[in-house]
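To start, the structure under review is shown below, and the notes come after it.
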Protein chains: 2
Amino acid sequence: MQNLTRDELRQRLLACGLKATHQRIVVFETVMALHGQHPVAEEVYQLLKPANPSISLGTVYKTLDTFVESGLINRVFTEEGGKRYDPNTEAHSHIYCSNTKEIIDFEDAELDQLLLEFFKTRNMENFQFRSCSVQLMGCKVEPDKKVTIQRVSK
Amino acid sequence: MQNLTRDELRQRLLACGLKATHQRIVVFETVMALHGQHPVAEEVYQLLKPANPSISLGTVYKTLDTFVESGLINRVFTEEGGKRYDPNTEAHSHIYCSNTKEIIDFEDAELDQLLLEFFKTRNMENFQFRSCSVQLMGCKVEPDKKVTIQRVSK
DNA sequence: ACTTAGATAAGAATGATTCTTACTTGGTAA
DNA sequence: TTACCAAGTAAGAATCATTCTTATCTAAGT
Ligand SMILES: [Mn+2]
Ligand SMILES: [Mn+2]
Ligand SMILES: [Zn+2]
Ligand SMILES: [Zn+2]
């Protein structure tokens with residue numbers, strides 16, 4: 001979550017068997033700085049462009065997909081088409097606001113645990129489970145304010 | 001789940017305040033017959049075309065979106081862009097197979113109940129909850145066979 | 001039957017993503 | 001350090017799913 005140095009980013013790329021090119025380091029740096037957000041390729045491109053005017057949009061598209069294949073980042077599911085990426089590779093869920101179209105991270109260890117326990121009570125045939133997450137659909141009440149979810153004493 | 005007659009389809013359209021045009025009835029009929037699947041507009045179009053050669057693809061796109069707005073069908077979330085529709089408007093979850101790219105319905109009342117109970121233990125501020133569902137990610141072991149999930153005596 | 005707001009067909013336009021190709025570069029090993 | 005080359009990139013063309021435009025049509029109310 002804290003910003004990684006370029007050299008740390010380089011190490012992580014190499015650890016995945018990827019050449020640590022300038023372009024990949026910059027794209028990785030930019031997308032990791034967006035932790036908690038779910039950008040499209042164009043947004044990443046616009047952010048890195050001022051300091052790196054020679055990197056092309058096509059490279060950003062390709063690089064983000066390369067990162068997904070290598071597990072460095074994830075895709076996030078969308079309702080209205082369009083590819084969005086998620087710098088957060090920890091198990092977590094998402095809140096979708098149908099007003100603002102925001103996708104908000106929802107990290108809740110108790111929920112993860114609950115689901116894990118639940119799926120132990122199920123016998124899946126012909127399916128190799130990788131992960132699961134929850135989608136919360138609804139609307140922000142005040143679009144400008146944050147959504148918060150706290151534990152409450154039952 | 002059992003096929004509705006055209007007249008029943010017409011009634012459902014009217015009940016939503018939609019004009020019951022021939023095109024809407026046919027699109028509705030076609031998409032409802034795909035219960036358990038998650039088609040794109042083009043797939044619906046190809047299915048209805050033989051018997052209805054004058055309906056245009058643009059109308060299918062528009063009609064499906066109209067149905068979503070009216071709550072007659074749902075969108076289903078996708079990882080790789082592209083709009084997919086879901087004839088099943090009951091609360092249910094989805095299994096995503098990364099081999100076959102299939103999206104499989106997963107209906108489990110116990111899971112729904114579990115989530116409902118869970119969210120009672122959470123206090124959401126600034127968020128009006130509408131619904132939630134679970135995404136299961138993984139791979140079919142044998143792509144041609146079905147995935148089944150059964151309760152197992154703990 | 002008459003009227004009209006809303007719906008449709010056809011095809012043009014758009015825009016996100018992918019593809020192609022000639023050029024460049026990171027990493028490796030002499 | 002230098003030479004080498006497999007892999008990566010820039011630029012822009014191509015693709016293709018989706019939306020838009022507009023002239024025409026029709027469902028449903030009067
Ligand atoms: Mn996330
Ligand atoms: Mn479904
Ligand atoms: Zn909202
Ligand atoms: Zn699979």
Side-chain angles (χ1 to χ4, degrees), chain A residues 6-7 9-31 38-46 48-49 51-70 72-73 75-85 101, chain B residues 6-7 9-31 38-46 48-49 51-70 72-73 75-85 101:
Chain A
R6 293 214 165 171
D7 213 59
L9 295 168
R10 174 193 306 279
Q11 298 313 320
R12 295 201 52 196
L13 292 172
L14 294 174
C16 290
L18 297 177
K19 268 195 193 174
T21 65
H22 174 65
Q23 289 88 339
R24 283 178 176 165
I25 292 169
V26 167
V27 171
F28 198 17
E29 179 178 53
T30 304
V31 73
H38 306 88
V40 297
E42 179 74 35
E43 290 172 333
V44 174
Y45 175 64
Q46 290 303 332
L48 59 76
K49 195 177 174 181
N52 307 271
S54 72
I55 299 182
S56 76
L57 176 57
T59 296
V60 174
Y61 271 102
K62 191 139 179 291
T63 301
L64 289 171
D65 281 344
T66 301
F67 290 172
V68 170
E69 277 165 39
S70 302
L72 293 169
I73 64 176
R75 287 243 180 78
V76 67
F77 285 71
T78 63
E79 200 170 18
E80 58 231 11
K83 294 189 176 177
R84 293 194 166 269
Y85 297 88
K101 306 300 178 193
Chain B
R6 293 213 166 173
D7 213 59
L9 295 168
R10 175 194 308 278
Q11 298 313 320
R12 294 201 52 194
L13 292 172
L14 293 175
C16 291
L18 297 176
K19 268 194 194 175
T21 64
H22 174 65
Q23 289 88 338
R24 283 178 176 164
I25 292 168
V26 167
V27 171
F28 198 17
E29 179 179 52
T30 305
V31 73
H38 305 88
V40 298
E42 178 74 36
E43 291 171 333
V44 174
Y45 175 63
Q46 290 303 332
L48 60 75
K49 195 176 173 180
N52 306 272
S54 70
I55 298 182
S56 76
L57 176 57
T59 296
V60 175
Y61 271 102
K62 191 138 179 292
T63 302
L64 289 171
D65 282 344
T66 301
F67 290 172
V68 171
E69 277 165 39
S70 303
L72 292 169
I73 63 176
R75 286 242 180 79
V76 67
F77 286 69
T78 63
E79 201 172 18
E80 59 232 10
K83 294 190 176 175
R84 293 193 165 270
Y85 297 88
K101 306 299 178 193

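Below, chain A is the first sequence line, B the second, and so on; all start at residue 1. It should be emphasised that the depicted structure is a prediction, and the values quoted were computed from it without experimental measurement.
The distance from atom CD of B:Glu80 to atom P of D:dA17 is 13 Å, rounded to the nearest whole Å. Per the geometry, CG belonging to B:Leu18 stands 11 Å off C1' belonging to C:dG6, to the nearest Å. Spacing between atom OH of A:Tyr85 and atom C1' of C:dA16 amounts to 11 Å, rounded to whole angstrom units. Spacing between atom CG of A:Leu64 and atom P of C:dA16 amounts to 15 Å, rounded to whole angstrom units. Residue A:Arg24 contributes atom CZ, which lies 15 Å from atom C1' of D:dA10 at whole-angstrom precision. Summarising the geometry, the separation between CG on A:Asn52 and C1' on D:dA10 is reported as 14 Å, rounded to the nearest angstrom. If you measure from atom CD of A:Glu43 to atom P of C:dT17, you get 11 Å, rounded to the nearest angstrom. Here the C1' atom of nucleotide D:dA27 and the CZ atom of B:Arg6 are 17 Å apart, to the nearest Å.
The side chain of A:Gln23 places no N or O atom within less than 4.0 Å of a non-bridging phosphate oxygen (OP1 or OP2) of C:dG26. Look at B:Tyr61 and you won't find any side-chain N or O under 4.0 angstrom from OP1 or OP2 of D:dT19. One finds a side-chain N or O of B:Lys83 lying less than 4.0 angstrom from the OP1 or OP2 phosphate oxygen of D:dT19.
End-to-end axis angle for the helix from C:dA1-D:dT30 to C:dA30-D:dT1, using five pairs per end and rounding to 10°, comes out at 40°.
A 4.5 Å side-chain heavy-atom check between A:Asn52 and A:His22 finds at least one atom pair inside the cut-off. In this structure, A:Tyr85 and A:Val76 have side chains that are not in contact, with every pair of non-hydrogen atoms separated by 4.5 Å or more. Under the 4.5 Å side-chain criterion, counting only non-hydrogen atoms from C-beta, B:Leu13 is not in contact with B:Leu9.
Applying a 4.0 Å cut-off to non-hydrogen atoms, the residues of residues 53-60 of chain A that approach DNA chain D are A:Ser54, A:Ile55, A:Ser56, A:Thr59, listed by residue number.
For the pairing with B:Phe28, the side chain to side chain contact (heavy atoms under 4.5 Å, CB included) check across B:Val31, B:Val26, B:Thr30, B:Ile25 returns one residue only, B:Val31.
Positionally, the nearest nucleotide of DNA chain D for B:Ala41 lies more toward the 5' end than for the other of B:Ala41 and B:His22. When the nearest nucleotides of DNA chain C are assigned to A:Lys19 and B:Thr21 by heavy-atom distance, the more 5′-ward of the two goes with B:Thr21.
The CZ atom of B:Arg10 sits 13.0 Å away from the CG atom of B:Leu18 when rounded to the nearest 0.5 Å. Separation of atoms CG (A:Leu64) and CG (A:Leu72) is listed at 11.0 Å; rounding is to 0.5 Å.
A side-chain donor-acceptor contact under 3.5 Å links A:Thr59 and A:Ser56.
Using a 4.0 Å heavy-atom distance criterion, A:Gly81 is classed as making no nucleic acid contact. Note on A:Ala20: only backbone sugar-phosphate atoms sit closer than 4.0 angstrom, heavy atoms only; bases stay farther off. Here B:Leu14 lies in heavy-atom contact (under 4.0 Å) with sugar-phosphate atoms only.
Across B:Glu43 and B:Arg84, no two heavy atoms sit closer than the pair OE1-NH1, 3.8 Å.
A salt bridge is absent between A:Asp65 and A:Lys62: the closest approach of a Lys/Arg side-chain nitrogen to an acidic carboxylate oxygen does not fall below 4.0 angstrom.
Each of D:dA28, C:dG27, C:dT18 was ranked by its minimum atom distance to the side chain of B:Arg10; first place goes to D:dA28.
Pairs passing the salt bridge (charged side-chain N to carboxylate O under 4.0 Å, His left out) check and including a residue from residues 21-31 of chain A, sequence neighbours excluded, read A:Arg6-A:Glu29.
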